[in-house]
Every structure is written in C-alpha cells, then in structure tokens.
Amino acid sequence: MEGVLTLFSDFYSALSQVNGFVTPKLAKRFPENFLFGVSSSAYQIEGSWNIDGKGQSTWDYYLHKQPDIVEDGTNADVTTDSYRLFKQDIQMLKHLGVKSYRFSLSWTRILPDGTTNHINPLGIAHYRKCIDLLLENDIMPLVTLYHWDLPIAFGKNGGWLNENTADRFGDYARVAFLAFGDKVKHWITINEPFIHCSFSYGIGLHPPLIKSPGKGFYECGRNLLLGHARAYHIYDEEFRFQGGKVGLVVDAQWPIAATGSEEDTRAVKDYLALYVGQYLDPVLKGGYPQRLLDLVAAASSRQGTESRLHPLSEDQKEYIRGTYDFVGINHYSSLMVYRNESVIGMYDEPSFYDDVGIGTYMDDSWPASSFDNMRDYAPGFYSLLLYLKDTYDNPVVYITENGLPLSSAEGLDDWKKANYIRHYLDALADAKADGSNCQGYFIWSLMDSFEWASGYEYKFGLYQVDFEDPDKKRTARKSALVYKEIIRTGTIDVSYDPNPYQHNGTVY
Ligand code: NOJ
C-alpha cells in the first residue's frame, strides 16, 4: 500500500506545483483549531457480527433472514473487517492527518441483549483499545452512540415506536459514558432521525421493516428525541465533570424553490419544517415547528382523523429543549423543490408525503457523481450554514458527514469527489467568513463500506477497499491526497479549477 501512496503523493505534489495549489492571494484559511475529520459507523465497517460476545442487531437479524432487503443481496457480516483491522484504519487516519475520527459504537457489542443485564467486557475492551490508539495518535474521537443498529429484542418489540426503547437507550448511554467518558469528550447521541424514521418506520425499507408513513414515522421521531434528551440529561447530571460535549446529528439537504411562485416558496418552508425543523426545533427552540403541526393537522383532517402528529406535551418540550452542546449536520446535496400535489396518496395510507405535498429533483446542471441522485452544488451548503446560523441563534455546528459516492468503475482516480470536497470546503470557508459557527467538517467516509439497502456499489471512501481480498486491502484514492493536502495547509483554494457557481449571497 505504501508504494501506491507514495506514487500518488509524488504525482499530487508535482501537480500542485504546476497548478499552484496554494496561492496565498486566493487561498482561504481555516482556523488552527478547525476540526478536519472523517466518519464511519459500526455496522457499516466492523464485521465480526457474532464475535467476542456481540449480540444481534436488527441489521444482523433481518439481513440473514431476508437478504433481498439489500439490492445486491449482501450484508455486513465481514464488510471492511474493521473490528480486526482497526489498527490499519488508524494508520490511514494518521496518513490523512485528520484531527478527529467519527465512528459509532455497536450497542450489542457492549450490551449483547440491549439491556444492562449483561455488559460485555470484550466489547468495552475493544473500544477502549481503539480510543487509546486514536488518542496516542492525536486524533480526537467523536463517538456516535446510535447509528441505526438497534438490539434485535427491541426491534421485535416495535423498535423506536416503543417509548421503552428511548429509556433503554438512556441506560446504554450511561454505560458508554462510564466506560469511555474519561477519554471521549465528544458524543453524538443519534444519527439522522429523518432517514432512520422514514426508512425503518415509514416506508419499511430498512429493518425492522415497519411501514407506517403517516404515523410511525412521526412516533419514531418523537421517541428518538426523547431518547436523545434522556442521554443528554444523564450526561449533564452524572458525567458533566468529565468535561465533554453532547449533541445529535440531523440530516439536512438544502431545498431551493424550483420557480419564483408563491407555492414553491411555501414548499421550501414546508420542506424545512418536515425534514429539519421537526428535529432541530424541539432541541434548539422548544416544540415542533407550528408550520409542521398545521400541515399534518390539515392533512389529517382532510383524511377524517385527528392529527397524526401530536404536539409534544409541556413536560416533553421542557425535557427536550436545550439538550445540545453542538449540532451535527449531515449534508450531501441540494434539491429543487416545488409544490406537487400528485405525491398525495402515493401510499395506500396517509403519509408524510401527503402532509407536505412537495416534489423534488436535482438540477441537471449540477455536476453528478456516478449516481444521478447525488450531485455537487456547494452554494446550497453555504445557504444551509447561514440558515442554521440565522434560524437557531448561531449554534456550534459540526458537519458530521459530507461526501460523494462513485461507482466501482471510477477506481482510484476520483477527481469528481476531490473537486466536490474542495467546492464544499470553499463554501464552508465563505459561510464562516459570513458568521457561521461551524467548527468542524467530516467526510463520509474514511473508506468504502456497506451502504445499507444499496449494498456495496456506492463507493464513498477516500480509501478504496478491495472486498474480494481476504485482507480487505485499502488504497488511497486521489481524493484522500487532496484532502490530506487541505488539512496539511489548513487552506482551500479552488482557483485552478474554478467552481462554476458563485456564492452570491444567501439564496434561501
Ligand atoms: C448517511 C448515513 O449516516 C450513513 O450511514 C450513510 O452511509 C451515508 N449517509 C451515505 O448515504
């Protein structure tokens, strides 16, 4: 692997000189303490699904039982084998020069049946080894407690539709704070409530395959918020002396009105209320956005029922409000949004689609990845960062995921991804200059891994993984070397490949 790395390094530095990669006049500089990092998650990279006392998660169980859940029939029993190869992963992190690594703990590696009835010492020992090695290499761990791999016993019992799951999540968080909180100072409670609730409890695409797009989708969101708040309060009341910070991660793409019509402008606001406000408002402001409550109430009344989104009680509002020390945002792309009543009735039951009645598409002029549904449009990222600043009183934000998938055909020569990273960091630098309190940026992902229901075809990695190889050989792509250079210099300069889009102020 070293040989390949050196070859690309030489190639890259030669190219940098020719093109003047760091031109002091144009380069935008990030502050010394800006957290450059990369992300991953347990089920997607660990493998060793039944090793050293690990219990089964919903993903283990359902993918063994029903492999057709995944497009290519694969699962993550082995995947990148990172449970065994974590030392190699940490060498890669070192090579990149990242200051932080975001990874998740597998709940059932620590608590095999999901409850504190049995704590698995081997699970704890494994993560302690990882954390120690990261710290020895000056890499700050940013640890996600829940990245979708729910203990199967809870999955069979309604999963996140059951409020009991939120309580058990709090118990698990306490064990993690106790076991690792002397070393881990940055915690994420849950990852992506919208995607998790819509896929697992709305349209039934992910385990536990519950199809309830009109009700379950909202109940899942509420219980995730309660679980998040419970973990936050446990930290706040019992572990604050450890001196750490706790936040949640929300997925937020940027909606742009397809036309100047009043309806499309409204559609953008509806989009933000459903996808972003539903989760951020209760935590950062208190309660659901009124707009969302009104939309769901109106749709429910058309359907002849009481509102499928119950407002949070005053106690719940109080419990959830203010439970953050930072906000994590996963952002990938922008979407053109328009009023589209034809999505109403898409399912044979009420759904969140009915509630907002909007259609989305990606503009053809935005450079595509290998997949049409993932495109490079960094001005939307700039607008999102300023929207968060203006809407939520400028919280500390970490971009906990950003990245572009390529197909296997693209191999190591992934300039599209390298350029995407440069465009997005350029936009981030502009947003910071305009007052955004964004303090970190994490690329999804360190290496190729199991992409949930899409299997292995989406290659998000800065490092390519040879899944045919028993040693799961990892090789740096060009994007890794570009990112490494950005981190090394602390600057971003897109002047040698001008970003086709100008940031001409906020577009929201
Ligand atoms: C969202 C999820 O957090 C992560 O697990 C997934 O692989 C990436 N984004 C890419 O889709």
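Start at 1 and go down the list; that is how both ligands and their atoms are numbered.
Per-residue contacts place Trp452 under 4.0 angstrom from the following atoms of ligand 1 (heavy atoms of the residue considered): 4 (C), 5 (O), 6 (C), 7 (O). Under a 4.0 Å criterion applied to the non-hydrogen atoms of Glu451, ligand 1 contributes the atoms 6 (C), 7 (O), 10 (C), 11 (O). Heavy-atom contacts of His147 reach the following atoms of ligand 1: 2 (C), 3 (O), 4 (C), 5 (O) (cutoff under 4.0 Å).
Taking atom 9 (N) of ligand 1 as the reference point, the nearest protein heavy-atom neighbour is Glu401 OE1, 2.8 Å.
In Tyr458, neither the side chain nor the backbone holds a heavy atom less than 4.0 Å from any atom of ligand 1. Residue contacts with ligand 1, taken as heavy atom pairs separated by less than 4.0 Å, involve Asn191 solely via side-chain atoms from C-beta onward.
Under a cutoff of 6.0 Å and an axis angle of 45°, Lys285 and Tyr392 form a cation-pi pair. Under the 6.0 Å distance and 45° angle rule, Arg102 does not count as a cation-pi partner of Tyr398.
Put simply, the side chain of Tyr279 never gets that close to the backbone of Leu224: no donor and acceptor are under 3.5 Å apart. A donor-acceptor pair is defined here as one N or O able to donate and one able to accept, closer than 3.5 Å; such a pair exists between the side chain of Tyr201 and the backbone of Trp160. In terms of modelled atom types and a separation under 3.5 Å, the side chain of Tyr456 and the main chain of Asn75 share a donor-acceptor contact.
Looking only at atom types and distance, the side chain of Gln439 has a donor-acceptor partner in the side chain of Asn437 under 3.5 Å away.
At least one heavy atom of Tyr332 lies less than 4.0 angstrom from ligand 1.
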